[in-house]
Amino acid sequence: MGERVGARELLDRVVTGWRSWDAPPEPAAAPGSRYAAELAAARERSGCDEAVVTGEGLLGGHRVACVVSEFAFLAGSIGRATADRIVAAVERATAAGLPLLAAPSSGGTRMQEGTAAFAQMARITAAVARHRAAGLPYLVYLRHPTTGGVFASWGSLGHVTAAEPGALIGFLGPRVYEGLHGEPFPAGVQTAENLAARGLLDAVVGIDDLAEVAAGVLAVVTDPPAPAVPAPAAPVAPPESAWDAIGRSRRADRPGVRELLRYGATHVTPLSGTGQGEAEPGLLLALARFGAASCVVVGQDRRGQRNGHPLGPAGLRVARRGMGLAAELGLPLVTVVDTPGADLSAAAEEGGLAGEIARCLADLLALPAPAVSLLLGEGTGGAALALLPADRVLCARHGWLSPLPPEGASVIVHRDAGHAAEMAEAQGVGAASLLRGGIVDELVDERPDAADEPAEFCRRAAAAVERAVRGVVGSPAAARVRARQDRYRDLGR
(Lines give C-alpha, C1' and ligand atoms only; values in the text may rest on other atoms or scores of the structure.)
Protein backbone atom coordinates (compact mmCIF):
# COMPACT_ATOMS: atom_id res chain seq x y z
CA MET A 1 0.00 0.00 0.00
CA GLY A 2 1.41 3.38 -1.00
CA GLU A 3 1.58 6.57 1.04
CA ARG A 4 -1.73 8.34 1.73
CA VAL A 5 -1.86 12.11 2.07
CA GLY A 6 -4.57 14.75 2.12
CA ALA A 7 -5.30 17.32 -0.55
CA ARG A 8 -3.15 20.11 0.82
CA GLU A 9 -0.10 17.93 1.42
CA LEU A 10 -0.40 16.51 -2.09
CA LEU A 11 -0.46 20.01 -3.54
CA ASP A 12 2.51 21.08 -1.38
CA ARG A 13 4.56 18.21 -2.81
CA VAL A 14 3.48 18.51 -6.45
CA VAL A 15 3.03 22.20 -7.32
CA THR A 16 4.61 25.49 -6.30
CA GLY A 17 3.09 28.95 -5.99
CA TRP A 18 -0.33 27.56 -5.07
CA ARG A 19 -3.27 29.97 -5.40
CA SER A 20 -6.71 28.83 -4.27
CA TRP A 21 -9.78 29.41 -6.41
CA ASP A 22 -12.25 28.27 -3.75
CA ALA A 23 -15.18 30.38 -2.59
CA PRO A 24 -17.23 29.39 0.49
CA PRO A 25 -19.72 26.67 -0.47
CA GLU A 26 -23.44 27.27 -0.53
CA PRO A 27 -25.25 25.77 2.48
CA ALA A 28 -26.22 22.18 1.68
CA ALA A 29 -28.10 21.15 4.82
CA ALA A 30 -30.93 22.52 6.94
CA PRO A 31 -29.67 24.19 10.14
CA GLY A 32 -29.80 21.80 13.08
CA SER A 33 -30.16 18.72 10.90
CA ARG A 34 -28.09 15.58 11.23
CA TYR A 35 -26.47 16.33 7.86
CA ALA A 36 -25.50 19.83 9.05
CA ALA A 37 -23.78 18.26 12.05
CA GLU A 38 -21.95 15.81 9.77
CA LEU A 39 -20.72 18.68 7.57
CA ALA A 40 -19.51 20.61 10.61
CA ALA A 41 -17.66 17.55 11.90
CA ALA A 42 -16.12 16.98 8.46
CA ARG A 43 -14.86 20.57 8.35
CA GLU A 44 -13.34 20.19 11.81
CA ARG A 45 -11.73 16.83 11.05
CA SER A 46 -10.31 17.66 7.59
CA GLY A 47 -9.51 21.35 7.89
CA CYS A 48 -11.34 21.87 4.57
CA ASP A 49 -14.72 23.41 3.90
CA GLU A 50 -15.64 20.89 1.19
CA ALA A 51 -14.50 17.58 -0.28
CA VAL A 52 -12.39 19.18 -3.03
CA VAL A 53 -9.70 21.84 -3.15
CA THR A 54 -9.23 23.78 -6.40
CA GLY A 55 -6.83 26.39 -7.69
CA GLU A 56 -3.69 26.83 -9.74
CA GLY A 57 0.07 26.53 -9.35
CA LEU A 58 3.25 25.82 -11.24
CA LEU A 59 4.29 22.31 -12.18
CA GLY A 60 7.70 22.03 -13.80
CA GLY A 61 7.40 25.67 -14.82
CA HIS A 62 3.97 25.13 -16.38
CA ARG A 63 0.92 26.97 -15.08
CA VAL A 64 -1.66 24.29 -14.27
CA ALA A 65 -5.12 24.15 -12.70
CA CYS A 66 -5.81 21.49 -10.07
CA VAL A 67 -8.88 19.76 -8.63
CA VAL A 68 -7.89 17.61 -5.65
CA SER A 69 -10.19 15.53 -3.46
CA GLU A 70 -9.99 15.56 0.34
CA PHE A 71 -11.04 12.08 1.48
CA ALA A 72 -11.16 13.13 5.13
CA PHE A 73 -14.20 15.27 4.26
CA LEU A 74 -17.07 12.75 4.16
CA ALA A 75 -14.98 10.23 2.21
CA GLY A 76 -14.42 12.72 -0.61
CA SER A 77 -18.05 12.32 -1.62
CA ILE A 78 -19.67 14.58 -4.21
CA GLY A 79 -22.62 16.71 -3.22
CA ARG A 80 -24.09 19.66 -5.05
CA ALA A 81 -21.73 22.20 -3.48
CA THR A 82 -18.78 19.92 -4.28
CA ALA A 83 -19.89 19.71 -7.90
CA ASP A 84 -20.32 23.49 -8.05
CA ARG A 85 -16.69 23.88 -7.01
CA ILE A 86 -15.38 21.28 -9.47
CA VAL A 87 -17.36 22.65 -12.42
CA ALA A 88 -16.34 26.24 -11.63
CA ALA A 89 -12.67 25.20 -11.56
CA VAL A 90 -12.85 23.20 -14.78
CA GLU A 91 -14.62 26.04 -16.58
CA ARG A 92 -12.12 28.58 -15.26
CA ALA A 93 -9.24 26.41 -16.48
CA THR A 94 -10.88 26.11 -19.88
CA ALA A 95 -11.42 29.85 -20.17
CA ALA A 96 -7.80 30.50 -19.17
CA GLY A 97 -6.43 27.86 -21.54
CA LEU A 98 -4.80 25.91 -18.70
CA PRO A 99 -4.00 22.22 -18.49
CA LEU A 100 -5.92 20.54 -15.68
CA LEU A 101 -4.63 18.03 -13.14
CA ALA A 102 -7.40 16.13 -11.34
CA ALA A 103 -6.53 14.02 -8.29
CA PRO A 104 -9.71 12.31 -7.09
CA SER A 105 -10.05 10.24 -3.94
CA SER A 106 -13.67 9.54 -3.26
CA GLY A 107 -16.30 7.01 -2.36
CA GLY A 108 -18.60 8.54 -4.98
CA THR A 109 -21.96 10.24 -4.53
CA ARG A 110 -22.87 11.83 -1.18
CA MET A 111 -25.69 9.64 0.06
CA GLN A 112 -27.10 12.41 2.28
CA GLU A 113 -28.09 14.31 -0.88
CA GLY A 114 -29.34 11.34 -2.89
CA THR A 115 -30.22 11.48 -6.57
CA ALA A 116 -29.69 15.22 -6.90
CA ALA A 117 -26.04 14.69 -5.97
CA PHE A 118 -25.76 11.59 -8.14
CA ALA A 119 -26.84 13.55 -11.22
CA GLN A 120 -23.98 16.03 -10.67
CA MET A 121 -21.59 13.46 -12.17
CA ALA A 122 -23.09 14.19 -15.59
CA ARG A 123 -22.62 17.91 -15.02
CA ILE A 124 -18.97 17.46 -14.06
CA THR A 125 -18.41 15.18 -17.06
CA ALA A 126 -19.86 17.82 -19.39
CA ALA A 127 -17.43 20.42 -18.05
CA VAL A 128 -14.46 18.07 -18.52
CA ALA A 129 -15.63 17.23 -22.04
CA ARG A 130 -15.72 20.94 -22.93
CA HIS A 131 -12.20 21.33 -21.54
CA ARG A 132 -10.94 18.47 -23.70
CA ALA A 133 -12.85 19.73 -26.74
CA ALA A 134 -10.92 22.99 -26.39
CA GLY A 135 -7.72 20.97 -27.02
CA LEU A 136 -6.53 21.38 -23.42
CA PRO A 137 -4.72 18.59 -21.56
CA TYR A 138 -6.59 16.75 -18.80
CA LEU A 139 -4.35 14.68 -16.54
CA VAL A 140 -5.76 12.36 -13.87
CA TYR A 141 -4.04 10.97 -10.77
CA LEU A 142 -6.28 8.40 -9.06
CA ARG A 143 -5.74 8.14 -5.31
CA HIS A 144 -6.78 5.62 -2.71
CA PRO A 145 -9.66 5.00 -2.86
CA THR A 146 -11.45 6.17 -6.00
CA THR A 147 -14.74 4.37 -6.57
CA GLY A 148 -18.32 4.76 -7.72
CA GLY A 149 -19.53 7.68 -9.76
CA VAL A 150 -16.28 9.63 -9.44
CA PHE A 151 -14.32 6.83 -11.11
CA ALA A 152 -17.14 6.48 -13.65
CA SER A 153 -17.04 10.17 -14.60
CA TRP A 154 -14.22 12.68 -14.17
CA GLY A 155 -11.83 10.01 -12.87
CA SER A 156 -11.88 8.12 -16.18
CA LEU A 157 -11.58 10.89 -18.76
CA GLY A 158 -7.87 11.70 -18.65
CA HIS A 159 -5.70 12.06 -21.71
CA VAL A 160 -3.11 10.49 -19.40
CA THR A 161 -4.12 8.60 -16.26
CA ALA A 162 -1.89 7.43 -13.41
CA ALA A 163 -2.64 6.11 -9.93
CA GLU A 164 -1.07 5.79 -6.50
CA PRO A 165 0.70 2.50 -5.75
CA GLY A 166 -1.67 0.01 -4.17
CA ALA A 167 -4.68 2.30 -4.53
CA LEU A 168 -8.17 0.81 -4.50
CA ILE A 169 -9.69 1.84 -7.83
CA GLY A 170 -13.04 0.50 -8.96
CA PHE A 171 -16.61 1.22 -9.91
CA LEU A 172 -18.17 -0.89 -7.17
CA GLY A 173 -17.18 -0.21 -3.60
CA PRO A 174 -16.09 -3.54 -2.06
CA ARG A 175 -18.09 -2.91 1.14
CA VAL A 176 -21.25 -2.43 -0.91
CA TYR A 177 -20.56 -5.62 -2.87
CA GLU A 178 -20.06 -7.65 0.29
CA GLY A 179 -23.21 -6.18 1.86
CA LEU A 180 -25.28 -7.03 -1.20
CA HIS A 181 -23.83 -10.45 -2.01
CA GLY A 182 -22.68 -11.76 1.37
CA GLU A 183 -19.10 -12.42 0.21
CA PRO A 184 -15.98 -10.32 -0.39
CA PHE A 185 -15.23 -8.93 -3.81
CA PRO A 186 -12.42 -10.95 -5.47
CA ALA A 187 -9.05 -9.82 -4.15
CA GLY A 188 -6.55 -8.06 -6.39
CA VAL A 189 -9.00 -6.86 -9.04
CA GLN A 190 -9.54 -3.28 -7.93
CA THR A 191 -5.88 -2.35 -7.51
CA ALA A 192 -3.93 0.26 -9.42
CA GLU A 193 -1.36 -2.31 -10.49
CA ASN A 194 -3.94 -4.72 -11.91
CA LEU A 195 -5.74 -1.98 -13.81
CA ALA A 196 -2.44 -0.72 -15.24
CA ALA A 197 -1.54 -4.23 -16.40
CA ARG A 198 -4.88 -4.45 -18.18
CA GLY A 199 -4.54 -1.19 -20.07
CA LEU A 200 -6.95 0.88 -17.98
CA LEU A 201 -4.26 3.11 -16.48
CA ASP A 202 -1.09 4.45 -18.05
CA ALA A 203 1.14 4.16 -15.00
CA VAL A 204 1.40 3.60 -11.27
CA VAL A 205 3.28 6.57 -9.84
CA GLY A 206 4.33 7.44 -6.29
CA ILE A 207 3.48 10.88 -4.97
CA ASP A 208 7.12 12.01 -4.96
CA ASP A 209 7.44 11.05 -8.63
CA LEU A 210 4.18 12.66 -9.71
CA ALA A 211 5.57 16.14 -10.31
CA GLU A 212 8.34 14.87 -12.57
CA VAL A 213 6.01 12.59 -14.55
CA ALA A 214 3.32 15.24 -14.97
CA ALA A 215 5.90 17.89 -15.93
CA GLY A 216 7.26 15.53 -18.58
CA VAL A 217 3.78 15.14 -20.04
CA LEU A 218 3.18 18.89 -19.99
CA ALA A 219 6.54 19.54 -21.67
CA VAL A 220 5.21 17.63 -24.68
CA VAL A 221 1.49 18.41 -24.78
CA THR A 222 1.79 22.15 -24.14
CA ASP A 223 4.59 22.78 -26.65
CA PRO A 224 3.58 21.89 -30.22
CA PRO A 225 6.41 22.17 -32.74
CA ALA A 226 6.89 25.34 -34.76
CA PRO A 227 6.89 24.98 -38.55
CA ALA A 228 10.22 25.13 -40.34
CA VAL A 229 11.39 24.67 -43.89
CA PRO A 230 13.33 21.40 -43.71
CA ALA A 231 16.85 21.34 -45.05
CA PRO A 232 17.26 18.87 -47.90
CA ALA A 233 18.19 15.43 -46.66
CA ALA A 234 21.50 13.99 -47.77
CA PRO A 235 20.99 11.46 -50.57
CA VAL A 236 21.05 7.83 -49.46
CA ALA A 237 21.90 5.03 -51.84
CA PRO A 238 19.26 2.30 -51.53
CA PRO A 239 20.50 -1.28 -51.09
CA GLU A 240 21.16 -3.24 -54.25
CA SER A 241 19.29 -6.30 -53.03
CA ALA A 242 15.86 -6.26 -51.43
CA TRP A 243 16.45 -9.77 -50.13
CA ASP A 244 19.68 -8.72 -48.43
CA ALA A 245 17.81 -5.80 -46.82
CA ILE A 246 15.12 -8.15 -45.55
CA GLY A 247 17.76 -10.31 -43.90
CA ARG A 248 19.32 -7.28 -42.24
CA SER A 249 15.92 -6.02 -41.03
CA ARG A 250 15.33 -9.33 -39.27
CA ARG A 251 18.49 -9.25 -37.19
CA ALA A 252 17.64 -9.77 -33.53
CA ASP A 253 19.96 -6.93 -32.54
CA ARG A 254 18.49 -4.39 -34.97
CA PRO A 255 17.29 -1.28 -33.09
CA GLY A 256 13.55 -0.84 -32.86
CA VAL A 257 11.12 1.76 -31.60
CA ARG A 258 12.33 1.51 -28.00
CA GLU A 259 15.90 2.26 -29.05
CA LEU A 260 14.65 5.09 -31.27
CA LEU A 261 13.07 6.72 -28.22
CA ARG A 262 16.02 5.92 -25.94
CA TYR A 263 18.69 7.42 -28.22
CA GLY A 264 16.73 9.93 -30.27
CA ALA A 265 13.97 11.42 -28.11
CA THR A 266 13.49 13.36 -24.87
CA HIS A 267 10.59 13.82 -22.43
CA VAL A 268 9.37 10.30 -23.20
CA THR A 269 6.21 9.31 -21.34
CA PRO A 270 5.05 5.76 -22.11
CA LEU A 271 1.28 5.29 -22.12
CA SER A 272 -0.39 1.94 -21.59
CA GLY A 273 -3.20 0.23 -23.44
CA THR A 274 -6.45 1.47 -24.86
CA GLY A 275 -7.76 2.91 -21.61
CA GLN A 276 -10.66 0.50 -22.10
CA GLY A 277 -9.28 -2.71 -20.67
CA GLU A 278 -6.88 -3.84 -23.40
CA ALA A 279 -3.08 -3.79 -23.36
CA GLU A 280 -0.73 -4.78 -26.17
CA PRO A 281 3.00 -5.44 -25.60
CA GLY A 282 3.63 -5.43 -29.36
CA LEU A 283 2.53 -1.80 -29.77
CA LEU A 284 4.17 1.12 -27.97
CA LEU A 285 2.28 4.36 -27.32
CA ALA A 286 4.12 7.37 -25.90
CA LEU A 287 4.42 11.12 -25.73
CA ALA A 288 7.88 12.29 -26.75
CA ARG A 289 9.94 15.05 -28.30
CA PHE A 290 12.25 14.62 -31.26
CA GLY A 291 14.41 17.71 -30.99
CA ALA A 292 11.93 20.61 -31.00
CA ALA A 293 9.06 18.45 -32.28
CA SER A 294 6.61 17.29 -29.60
CA CYS A 295 4.66 14.24 -30.80
CA VAL A 296 2.38 11.37 -30.01
CA VAL A 297 4.30 8.23 -30.97
CA VAL A 298 2.62 5.00 -32.06
CA GLY A 299 5.25 2.36 -32.71
CA GLN A 300 5.26 -1.33 -33.50
CA ASP A 301 7.69 -3.13 -31.19
CA ARG A 302 9.06 -5.87 -33.42
CA ARG A 303 11.01 -7.49 -30.59
CA GLY A 304 7.89 -7.75 -28.45
CA GLN A 305 5.95 -9.20 -31.38
CA ARG A 306 8.58 -11.88 -31.98
CA ASN A 307 8.65 -12.79 -28.28
CA GLY A 308 5.12 -14.10 -28.05
CA HIS A 309 3.05 -10.96 -28.55
CA PRO A 310 2.05 -10.75 -32.23
CA LEU A 311 0.19 -7.60 -33.15
CA GLY A 312 -3.53 -8.19 -32.83
CA PRO A 313 -6.70 -6.09 -32.86
CA ALA A 314 -6.05 -4.76 -29.35
CA GLY A 315 -2.73 -3.31 -30.54
CA LEU A 316 -4.46 -1.50 -33.37
CA ARG A 317 -7.00 -0.13 -30.90
CA VAL A 318 -4.06 1.20 -28.85
CA ALA A 319 -2.80 2.83 -32.06
CA ARG A 320 -6.17 4.42 -32.62
CA ARG A 321 -6.09 5.79 -29.07
CA GLY A 322 -2.83 7.50 -30.07
CA MET A 323 -4.45 8.95 -33.17
CA GLY A 324 -7.27 10.30 -31.02
CA LEU A 325 -4.82 11.90 -28.60
CA ALA A 326 -2.96 13.58 -31.46
CA ALA A 327 -6.20 14.93 -32.92
CA GLU A 328 -7.57 16.19 -29.60
CA LEU A 329 -4.35 17.74 -28.30
CA GLY A 330 -3.29 19.15 -31.68
CA LEU A 331 0.03 17.28 -31.64
CA PRO A 332 1.74 15.65 -34.61
CA LEU A 333 1.47 11.87 -34.82
CA VAL A 334 4.56 9.79 -35.55
CA THR A 335 3.94 6.17 -36.48
CA VAL A 336 6.77 3.63 -36.51
CA VAL A 337 6.22 0.61 -38.76
CA ASP A 338 8.26 -2.45 -37.84
CA THR A 339 6.33 -5.72 -37.84
CA PRO A 340 6.75 -9.30 -39.02
CA GLY A 341 2.99 -9.33 -39.54
CA ALA A 342 -0.28 -9.35 -37.65
CA ASP A 343 -1.48 -12.08 -35.32
CA LEU A 344 -2.86 -14.89 -37.47
CA SER A 345 -5.15 -16.69 -35.05
CA ALA A 346 -8.77 -17.49 -34.34
CA ALA A 347 -8.74 -15.00 -31.45
CA ALA A 348 -7.51 -12.22 -33.75
CA GLU A 349 -10.19 -13.00 -36.32
CA GLU A 350 -12.91 -13.01 -33.68
CA GLY A 351 -11.47 -9.83 -32.18
CA GLY A 352 -11.97 -7.93 -35.42
CA LEU A 353 -8.42 -7.71 -36.79
CA ALA A 354 -9.43 -6.85 -40.36
CA GLY A 355 -11.86 -4.21 -39.19
CA GLU A 356 -9.24 -2.60 -36.95
CA ILE A 357 -6.77 -2.42 -39.85
CA ALA A 358 -9.44 -0.71 -41.93
CA ARG A 359 -10.31 1.72 -39.13
CA CYS A 360 -6.63 2.59 -38.59
CA LEU A 361 -6.30 3.39 -42.29
CA ALA A 362 -9.49 5.46 -42.29
CA ASP A 363 -8.51 7.33 -39.11
CA LEU A 364 -5.03 8.12 -40.41
CA LEU A 365 -6.26 9.35 -43.76
CA ALA A 366 -8.75 11.69 -42.05
CA LEU A 367 -6.54 12.69 -39.10
CA PRO A 368 -6.56 16.50 -38.67
CA ALA A 369 -3.17 16.41 -36.91
CA PRO A 370 0.09 16.32 -38.90
CA ALA A 371 1.31 12.75 -39.48
CA VAL A 372 4.75 11.33 -40.20
CA SER A 373 5.47 7.63 -40.68
CA LEU A 374 8.83 5.92 -40.28
CA LEU A 375 9.25 2.49 -41.89
CA LEU A 376 11.95 1.31 -39.53
CA GLY A 377 12.48 -2.27 -40.65
CA GLU A 378 10.07 -5.09 -41.40
CA GLY A 379 6.84 -4.03 -43.04
CA THR A 380 4.74 -7.16 -43.46
CA GLY A 381 1.09 -7.18 -44.42
CA GLY A 382 -1.94 -5.29 -43.21
CA ALA A 383 -0.44 -4.59 -39.79
CA ALA A 384 2.28 -2.52 -41.48
CA LEU A 385 -0.07 -0.81 -43.91
CA ALA A 386 -2.38 0.19 -41.03
CA LEU A 387 0.18 2.73 -39.74
CA LEU A 388 1.68 3.87 -43.06
CA PRO A 389 -0.50 6.64 -44.59
CA ALA A 390 0.98 9.98 -43.56
CA ASP A 391 1.87 13.42 -44.83
CA ARG A 392 5.49 12.34 -45.06
CA VAL A 393 6.85 8.80 -45.05
CA LEU A 394 10.44 8.02 -44.10
CA CYS A 395 12.14 4.67 -44.59
CA ALA A 396 15.29 3.16 -43.15
CA ARG A 397 17.73 2.09 -45.86
CA HIS A 398 16.93 -1.57 -45.15
CA GLY A 399 13.22 -1.08 -44.52
CA TRP A 400 10.69 -2.82 -46.74
CA LEU A 401 6.96 -3.21 -47.29
CA SER A 402 5.19 -6.30 -48.60
CA PRO A 403 1.68 -7.78 -48.60
CA LEU A 404 3.17 -11.03 -47.24
CA PRO A 405 6.62 -12.15 -46.17
CA PRO A 406 8.45 -13.00 -49.41
CA GLU A 407 8.47 -16.64 -48.32
CA GLY A 408 4.66 -16.57 -48.22
CA ALA A 409 4.45 -14.90 -51.61
CA SER A 410 6.75 -17.62 -52.97
CA VAL A 411 4.47 -20.33 -51.61
CA ILE A 412 1.47 -18.76 -53.35
CA VAL A 413 3.19 -18.32 -56.71
CA HIS A 414 5.67 -21.22 -56.80
CA ARG A 415 4.15 -23.66 -54.29
CA ASP A 416 7.33 -23.51 -52.20
CA ALA A 417 9.30 -20.97 -50.15
CA GLY A 418 12.48 -21.35 -52.16
CA HIS A 419 11.83 -18.40 -54.47
CA ALA A 420 11.55 -15.79 -51.70
CA ALA A 421 14.49 -13.70 -52.90
CA GLU A 422 13.14 -13.69 -56.44
CA MET A 423 9.67 -12.65 -55.19
CA ALA A 424 11.11 -9.81 -53.11
CA GLU A 425 12.71 -8.29 -56.18
CA ALA A 426 9.72 -8.93 -58.44
CA GLN A 427 7.22 -7.37 -56.00
CA GLY A 428 9.25 -4.22 -55.43
CA VAL A 429 9.25 -4.51 -51.64
CA GLY A 430 12.63 -2.79 -51.03
CA ALA A 431 13.48 0.82 -50.30
CA ALA A 432 14.59 1.60 -53.87
CA SER A 433 11.22 0.56 -55.32
CA LEU A 434 9.28 2.28 -52.53
CA LEU A 435 11.13 5.52 -53.19
CA ARG A 436 10.61 5.32 -56.98
CA GLY A 437 6.92 4.55 -56.53
CA GLY A 438 6.29 7.49 -54.22
CA ILE A 439 5.31 5.23 -51.32
CA VAL A 440 8.13 6.72 -49.26
CA ASP A 441 9.63 10.21 -49.50
CA GLU A 442 13.05 9.91 -47.92
CA LEU A 443 15.56 7.27 -46.86
CA VAL A 444 17.39 7.23 -43.53
CA ASP A 445 20.92 5.95 -43.99
CA GLU A 446 22.39 2.86 -42.34
CA ARG A 447 26.17 2.71 -42.25
CA PRO A 448 26.18 -0.04 -43.32
CA ASP A 449 23.61 -1.63 -41.00
CA ALA A 450 21.53 -0.12 -38.19
CA ALA A 451 22.36 -3.10 -35.98
CA ASP A 452 26.05 -2.18 -36.17
CA GLU A 453 25.52 1.45 -35.11
CA PRO A 454 22.26 1.54 -33.11
CA ALA A 455 22.73 4.85 -31.29
CA GLU A 456 24.00 6.74 -34.33
CA PHE A 457 21.28 5.33 -36.58
CA CYS A 458 18.54 6.18 -34.08
CA ARG A 459 19.79 9.73 -33.77
CA ARG A 460 19.77 10.11 -37.57
CA ALA A 461 16.27 8.68 -37.74
CA ALA A 462 15.09 11.00 -34.96
CA ALA A 463 16.57 14.01 -36.75
CA ALA A 464 14.76 12.96 -39.93
CA VAL A 465 11.50 12.66 -37.99
CA GLU A 466 11.96 16.15 -36.51
CA ARG A 467 12.63 17.64 -39.97
CA ALA A 468 9.61 15.89 -41.43
CA VAL A 469 7.29 16.94 -38.61
CA ARG A 470 8.37 20.58 -38.70
CA GLY A 471 7.99 20.55 -42.46
CA VAL A 472 4.31 19.58 -42.34
CA VAL A 473 2.94 21.38 -39.26
CA GLY A 474 2.57 24.79 -40.87
CA SER A 475 -0.27 24.08 -43.29
CA PRO A 476 -3.96 24.36 -42.29
CA ALA A 477 -5.48 21.08 -41.15
CA ALA A 478 -8.08 20.92 -43.93
CA ALA A 479 -5.48 21.49 -46.63
CA ARG A 480 -3.14 18.94 -45.06
CA VAL A 481 -5.85 16.26 -44.89
CA ARG A 482 -6.88 16.96 -48.47
CA ALA A 483 -3.26 16.69 -49.68
CA ARG A 484 -2.79 13.42 -47.76
CA GLN A 485 -5.93 11.91 -49.24
CA ASP A 486 -4.98 13.10 -52.74
CA ARG A 487 -1.59 11.48 -52.30
CA TYR A 488 -3.08 8.06 -51.65
CA ARG A 489 -5.81 8.47 -54.23
CA ASP A 490 -3.16 9.03 -56.88
CA LEU A 491 -0.65 6.45 -55.58
CA GLY A 492 0.62 4.19 -58.35
CA ARG A 493 -0.75 6.26 -61.22
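We count residues from 1, following the sequence as given.
Between atom CD of residue E442 and atom CG of residue L394 there is a gap of 5.5 Å, rounded to the nearest 0.5 Å. Atom CG in D363 sits 11.0 Å away from atom CG in L387 (nearest 0.5 Å). L100 CG to R132 CZ: the interatomic distance, rounded to the nearest 0.5 Å, is 11.5 Å. Interatomic distance, D202 CG to L195 CG, rounded to the nearest 0.5 Å: 12.0 Å. The structure places CH2 of W243 at 11.5 Å from CE of M423, a figure rounded to the nearest 0.5 Å. Rounded to the nearest 0.5 angstrom, L374 CG and R392 CZ are separated by 12.5 Å.
At least one side-chain heavy atom of R487 sits less than 4.5 Å from a side-chain heavy atom of D441. Residues V160 and V221 fail the side-chain proximity criterion, which asks for heavy atoms closer than 4.5 Å. Taking 4.5 Å as the limit, some side-chain heavy atom of L271 sits within range of a side-chain heavy atom of R321. Looking only at side-chain heavy atoms (C-beta outward), V296 and L287 come within less than 4.5 Å of each other. With a 4.5 Å cut-off on side-chain heavy atoms, L284 and P270 do not count as touching. Looking only at side-chain heavy atoms (C-beta outward), V473 and P224 stay at 4.5 Å or farther from each other. In this structure, D452 and R251 have side chains that are in contact, with non-hydrogen atoms separated by less than 4.5 Å. L385 is not listed as a side-chain neighbour of I357, based on a closest heavy-atom distance of 4.5 Å or more.
In summary, the side chains of S249 and H398 do not present any donor paired with an acceptor at a separation below 3.5 Å, with no hydrogens or angles considered. Side-chain contact, Q485 with R482: no donor N or O sits under 3.5 Å from an acceptor N or O.
The 12-atom threshold is not exceeded at CZ of R198, counting heavy atoms of other residues, nucleotides or ligands nearer than 6.0 Å. In the displayed structure, Y488 atom OH is contacted under 6.0 Å by more than 12 heavy atoms of other residues, nucleotides or ligands. Within 6.0 Å of atom CZ in F171, 12 or fewer heavy atoms from other residues, nucleotides or ligands are found, so the atom counts as exposed in its surroundings.
Using a distance-only test at 3.5 Å, with no hydrogens or angles considered, no donor-acceptor pair links the side chain of R470 to the main chain of A228. Y141 places a side-chain N or O within donor-acceptor distance of the main-chain N or O of V205, the cut-off being under 3.5 Å. Under the 3.5 Å distance criterion, the side-chain polar atoms of T94 are matched with a main-chain donor or acceptor of V90. Under the 3.5 Å distance criterion, the side-chain polar atoms of H159 are left unmatched by any main-chain donor or acceptor of L139. A donor-acceptor pair is defined here as one N or O able to donate and one able to accept, closer than 3.5 Å; no such pair exists between the side chain of R302 and the backbone of D338. Of the possible polar contacts, one joining the E193 side chain to the G166 backbone as a donor-acceptor pair under 3.5 Å is found. At distances below 3.5 Å, not a single donor-acceptor pair connects side-chain atoms of S402 with backbone N or O atoms of V429. Using modelled atom types, one side-chain atom of S105 and one backbone atom of H144 make a donor-acceptor pair closer than 3.5 Å. Between the side chain of T335 and the backbone N or O of V298 there is no donor-acceptor pair closer than 3.5 Å. Checked by atom type and distance alone, the side chain of Q305 never pairs as donor or acceptor with a backbone atom of T339 at under 3.5 Å.
When all heavy atoms of L443 and A431 are compared, the closest pair comes out as CD2-CB, 3.9 Å. Scanning both residues, A314 and E278, for their nearest heavy atoms gives CB-OE2, 3.7 Å. The two residues S345 and A348 have their closest heavy-atom pair at OG-N, 3.1 Å. Between P406 and A420 the shortest heavy-atom distance is CB-O, 3.5 Å. The shortest non-hydrogen separation linking P368 to A477 is O-CB, 3.6 Å. The nearest pair of heavy atoms linking P225 to A293 is CB-CA, 3.6 Å.
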Evaluate the side chain to side chain donor-acceptor pair (under 3.5 Å) criterion for residues R303 and N307: first the C-alpha distance (whole Å), next the side-chain angles of each, then the deciding distance (0.1 Å), finally the verdict.
-> CA-CA 6 Å; R303 197 166 296 131; N307 291 332; over 6 Å; no

Check against salt bridge (Lys or Arg N to Asp or Glu O under 4.0 Å), E446 and R248 = CA-CA 11 Å; E446 303 183 39; R248 292 174 183 269; over 6 Å; no

Trace of the side chain to side chain contact (heavy atoms under 4.5 Å, CB included) decision for I78 with T109 | CA-CA 5 Å; I78 306 299; T109 301; 5.8 Å; no

For I439 and V393, what are the C-alpha separation, side-chain angles and deciding distance, and is it a side chain to side chain contact (heavy atoms under 4.5 Å, CB included)?
-> CA-CA 7 Å; I439 295 172; V393 181; 5.7 Å; no

Report the C-alpha distance between R317 and E280 in whole Å, list the side-chain angles of each, state the deciding distance to 0.1 Å, and finish with yes or no for salt bridge (Lys or Arg N to Asp or Glu O under 4.0 Å).
-> CA-CA 9 Å; R317 286 190 277 271; E280 177 57 78; over 6 Å; no

Worked verdict on R460 versus E453 for salt bridge (Lys or Arg N to Asp or Glu O under 4.0 Å) = CA-CA 11 Å; R460 274 198 304 278; E453 43 138 20; 2.4 Å; yes

When you look at Q120 and S153, which way does the side chain to side chain contact (heavy atoms under 4.5 Å, CB included) test go after all the steps?
-> CA-CA 10 Å; Q120 299 299 311; S153 57; over 6 Å; no

Side chain to side chain contact (heavy atoms under 4.5 Å, CB included) evaluation trace for L375 with L434 = CA-CA 11 Å; L375 180 50; L434 300 178; 3.8 Å; yes

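Salt-bridge annotation for R130 and E91: present, with a side-chain N of the basic residue lying under 4.0 Å from a carboxylate O of the acidic one.
Classification of the H419-H414 ring pair by plane angle, with boundaries at 30° and 60°, yields parallel.
In summary, of the residues considered (R254, R306, Q300), a side chain to side chain donor-acceptor pair (under 3.5 Å) with E378 occurs for R306 alone.
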